[in-house]
2 protein chains.
Amino acid sequence: MKEKATSFDIAHMAGVSQSTVSRALSNSPLVNKETRERVQRIAKQLNYKVDKNASNLRKQKSNTIALLLFEDPTTDDSLINPFFLNMLGSITRASAAAGYDLLVSFQNLDDDWHAEFEDSKKADGIILLGYGDYTAYRDKLAQLEEQGTHFVRWGAKDNDHPGISIGCDNYQGGYDLTRHLIQLGKKTCAFIGDAGGHAPEFLARYQGYRQALVDHGIAVDTFLRLDANSTDEAGYNATQTLLNTSSPLPEAIVCASDLIATGVLQALKENGYRVPEDVVVTGYDNISISAFTTPALTTVQQDTRLAGELLVSSLLKAINKQAVEDYLMPGELIIRESCGASQHQA
Amino acid sequence: MKEKATSFDIAHMAGVSQSTVSRALSNSPLVNKETRERVQRIAKQLNYKVDKNASNLRKQKSNTIALLLFEDPTTDDSLINPFFLNMLGSITRASAAAGYDLLVSFQNLDDDWHAEFEDSKKADGIILLGYGDYTAYRDKLAQLEEQGTHFVRWGAKDNDHPGISIGCDNYQGGYDLTRHLIQLGKKTCAFIGDAGGHAPEFLARYQGYRQALVDHGIAVDTFLRLDANSTDEAGYNATQTLLNTSSPLPEAIVCASDLIATGVLQALKENGYRVPEDVVVTGYDNISISAFTTPALTTVQQDTRLAGELLVSSLLKAINKQAVEDYLMPGELIIRESCGASQHQA
DNA sequence: GCGATTAACTCAAGCGATTCCTTACAACAT
DNA sequence: ATGTTGTAAGGAATCGCTTGAGTTAATCGC
């Protein structure tokens, strides 16, 4: 195996200095067009590639974004929430489009993640992704900020938290969904999902749900609010609880995520209830599964493609010291069979 | 914002030379235990992290794996096949466990990917992931090999291809699935999936299907073989074609992937056919959707966790110049309702 | 025609670690 | 006292590239 070529080799072959090679390869106007093309031709011939480590070391920047995916510690770690998997896909695309490499890493919220990436110069900035109770990690975020680390966080803006946030308007989504059910004539709505605050997203969805009830003069019944983290299993269990404690069954069940909703559908089916005839169900996220359940889930779609692009572009702006603002994306109501509405709406 | 500390700063504070700091931080036995601990303590205090670029440059190795995900150019690029998304998750975990960073990148098969990563010293090795017709890219793989780039490829071993492969035994999977249907009494089985060779995985599944038919004395009817790439839409369309051309309907439809199978289910439902009563359907991959379709899909599960671990560990072995062998993992038959069998089997 | 401008390069100083090669010093045997 | 180990640490040369400063030689203005 031949040694890998360096810029000196190219310089030698092209009969110019090594610095000229460097400039030529970065299309600097400081070098004559002919020389530039000659150098580039030779470089291509030798299959030469700039050594990123050397280049980064010298430039003190890595052209790399680190993506930290936080696993929900409360769920089985063998599977990632499909929603985040989609986000990962879209972030990958967006950063590639911006010419940045993407370093992906799974983290536990408890780990020492806050000092790993930008400090070691592996990345110019960090994207934080995950449901999760950032509250307990506020100090770590604060430390990131104090270190001057550039980062963006997925989630709704919370004034308590340092740093910039890109997120979906979960409150509005929960509101829209619930209002839709009310307009379909449902008088009693349960809510299944961890609204206790571990996942701020879920809490916001709950609050939207609650406000919709209030605005339409429906009393909020705390017995109709059940805890569940974002798994189908938790949804299944919560439904069993609901069936045991609440009689008659509410007319609608609003779930904090599609994953929960699938478990709910399962439990209802096993207990002989028909959806949407006996009870209507809604999810949240519009993960790929939700179009294929029976009945297909009415849900709220978060635009993961846009989200990925916004996360990346905001981070890059921050890196380049431009002003960046938090952004709250609207969710889109996706109406399918599980809510019992027949007409579709864009 | 204070400047980031370098090893010189630590050296100065600890009253030792910079080379001693470097040794102390890498736990070299060449430095006295007390000195080592003192240096490490100071480093932690200053929140010092070794500069990866400098370190990598000097060591000529990056402790990073590049994952190249090839998109199927024939499908809508906005969505990634959920199976590969799962693989991505498991590879991420496995490489993190091995202490390697993971650089993720989406590529078109047509791009210049073959010379990007290891050459520029961004990664010590490459994992190639994607369905796909590697045939047309054999020369690129060969070039990788010639450059001395370390890489592992997801997919079945093909003697035509350079490099090592980790894959699932798609032939056996297709065989098992089809035999299962035959044992359930099905006499006519269609196959939907691109068996034309674009996706070698699909071809192997088809061949297994075919052999099962032959072994049980069932004639292979080429009219019952339909083309479809791995999308639900393609499955839907193929089913329409099947309904138009084949009468009566075959007793079973074997699909090359779960995604295809969901489209098939959809089309059958819209045309008033019941699954599994009128016709049974099987998928392949056991993506998360397949447990939630109605009826739930009988399919073959590929162990993505094991696959990820094998890909990573094989690559690391190759990097360390140890012998590596191709590996063909067995698939596991997952029996659900769509094949009409009532009993479950592990 | 001569100083001033400009285009096109070359020089050389880092970037921050790693690591081979010395050196310093104490302990021990001769 | 002299030579021989062994242990701990320092010196300094890289790794391959980027970039500010310095050097030519040609072009320009008046």
Side-chain angles (χ1 to χ4, degrees), chain A residues 2-40 42-43 46-64 101 116-124, chain B residues 2-40 42-43 46-64 101 116-124:
Chain A
K2 55 186 178 296
E3 292 292 308
K4 224 135 258 179
T6 74
S7 52
F8 279 93
D9 301 330
I10 312 256
H12 191 248
M13 295 196 64
V16 295
S17 77
Q18 180 265 341
S19 43
T20 300
V21 171
S22 176
R23 290 203 173 88
L25 292 176
S26 56
N27 277 315
S28 161
L30 290 177
V31 354
N32 183 289
K33 194 177 172 213
E34 282 171 34
T35 321
R36 200 191 314 164
E37 283 168 357
R38 181 159 42 93
V39 169
Q40 292 181 348
I42 295 177
L46 292 195
N47 210 349
Y48 168 82
K49 288 274 156 11
V50 174
D51 184 310
K52 280 293 176 188
N53 291 319
S55 170
N56 291 343
L57 171 59
R58 180 58 234 244
K59 290 199 291 194
Q60 294 293 66
K61 114 181 260 296
S62 64
N63 241 263
T64 300
D101 288 326
E116 271 302 312
F117 286 88
E118 191 170 323
D119 272 6
S120 63
K121 303 272 175 57
K122 287 195 280 195
D124 299 332
Chain B
K2 55 186 178 297
E3 292 294 309
K4 224 136 258 179
T6 74
S7 53
F8 279 94
D9 302 331
I10 313 259
H12 191 247
M13 293 197 65
V16 296
S17 77
Q18 181 263 343
S19 41
T20 300
V21 171
S22 176
R23 289 201 183 89
L25 292 177
S26 56
N27 277 314
S28 161
L30 289 177
V31 354
N32 183 289
K33 195 176 171 214
E34 281 172 34
T35 321
R36 200 191 315 162
E37 283 168 358
R38 180 159 43 95
V39 168
Q40 292 180 349
I42 294 178
L46 292 196
N47 209 349
Y48 168 82
K49 288 274 158 8
V50 174
D51 184 309
K52 280 295 175 187
N53 291 318
S55 171
N56 292 342
L57 171 59
R58 185 58 236 248
K59 290 198 292 194
Q60 296 291 57
K61 119 180 256 300
S62 63
N63 242 264
T64 300
D101 288 326
E116 271 301 313
F117 286 87
E118 191 170 323
D119 271 6
S120 63
K121 301 273 175 58
K122 286 195 281 194
D124 298 332

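Each chain gets a letter, A, B and so on, in the order its sequence line appears, and its residues count up from 1.
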- request: Please find the earliest and latest nucleotides of DNA chain C, in the 5' to 3' direction, that have an atom within less than 4.0 Å of any heavy atom of chain A.
  value: C:dA8 to C:dG16

task: Looking at every strand, decide which applies to A:Thr35 at a 4.0 Å heavy-atom threshold: base, sugar-phosphate, or nothing.
output: sugar-phosphate

Can you name the salt bridge (Lys or Arg N to Asp or Glu O under 4.0 Å) partners of [X], sequence neighbours left out?
{"X": "B:Lys52", "result": "none"}
{"X": "A:Asp9", "result": "none"}
{"X": "B:Lys61", "result": "B:Asp124"}

task: Taking side-chain contact (heavy atoms from CB on, under 4.5 Å) as the test, write out the residues that go with B:Ala14, two or more places apart.
output: B:Val16, B:Arg38, B:Val39, B:Ile42

- prompt: B:Asn32: what forms a side-chain contact (heavy atoms from CB on, under 4.5 Å) with it, not counting sequence neighbours?
  reply: B:Glu34, B:Thr35

- prompt: Start at the 5' end of DNA chain D and walk down; is the nucleotide closest to A:Leu57 or to B:Lys33 reached first?
  reply: B:Lys33

statement: Note: contacts of residues 48-56 of chain A with DNA chain C (heavy atom, under 4.0 Å) are none

Identify all side-chain donor-acceptor contacts of residues 22-31 of chain A below 3.5 Å with residues at least two apart in sequence or on another chain.
{"residue": "A:Ser26", "atom": "OG", "partner": "A:Ser22", "partner atom": "O", "Å": "3.1"}
{"residue": "A:Ser26", "atom": "OG", "partner": "A:Arg23", "partner atom": "O", "Å": "3.2"}
{"residue": "A:Asn27", "atom": "OD1", "partner": "A:Gln40", "partner atom": "NE2", "Å": "3.0"}
{"residue": "A:Ser28", "atom": "OG", "partner": "A:Leu30", "partner atom": "N", "Å": "3.0"}

- prompt: With sequence neighbours left out, what residues match B:Thr20 under side-chain hydrogen bond (donor to acceptor under 3.5 Å, both in side chains)?
  reply: B:Ser17

message: Contact list please: residues 15-22 of chain A against DNA chain D, heavy atoms, distance less than 4.0 Å, in numerical order.
response: A:Gln18, A:Ser19, A:Ser22

message: Let me test you: for the helix from C:dG1-D:dC30 to C:dT30-D:dA1, what is the angle between the axes at its two ends (five pairs each), rounded to 10 degrees?
response: 50°

task: Would you grab the first and last nucleotide of DNA chain D (5' to 3') that comes under 4.0 Å of any non-hydrogen atom in chain B?
output: D:dA8 to D:dG16

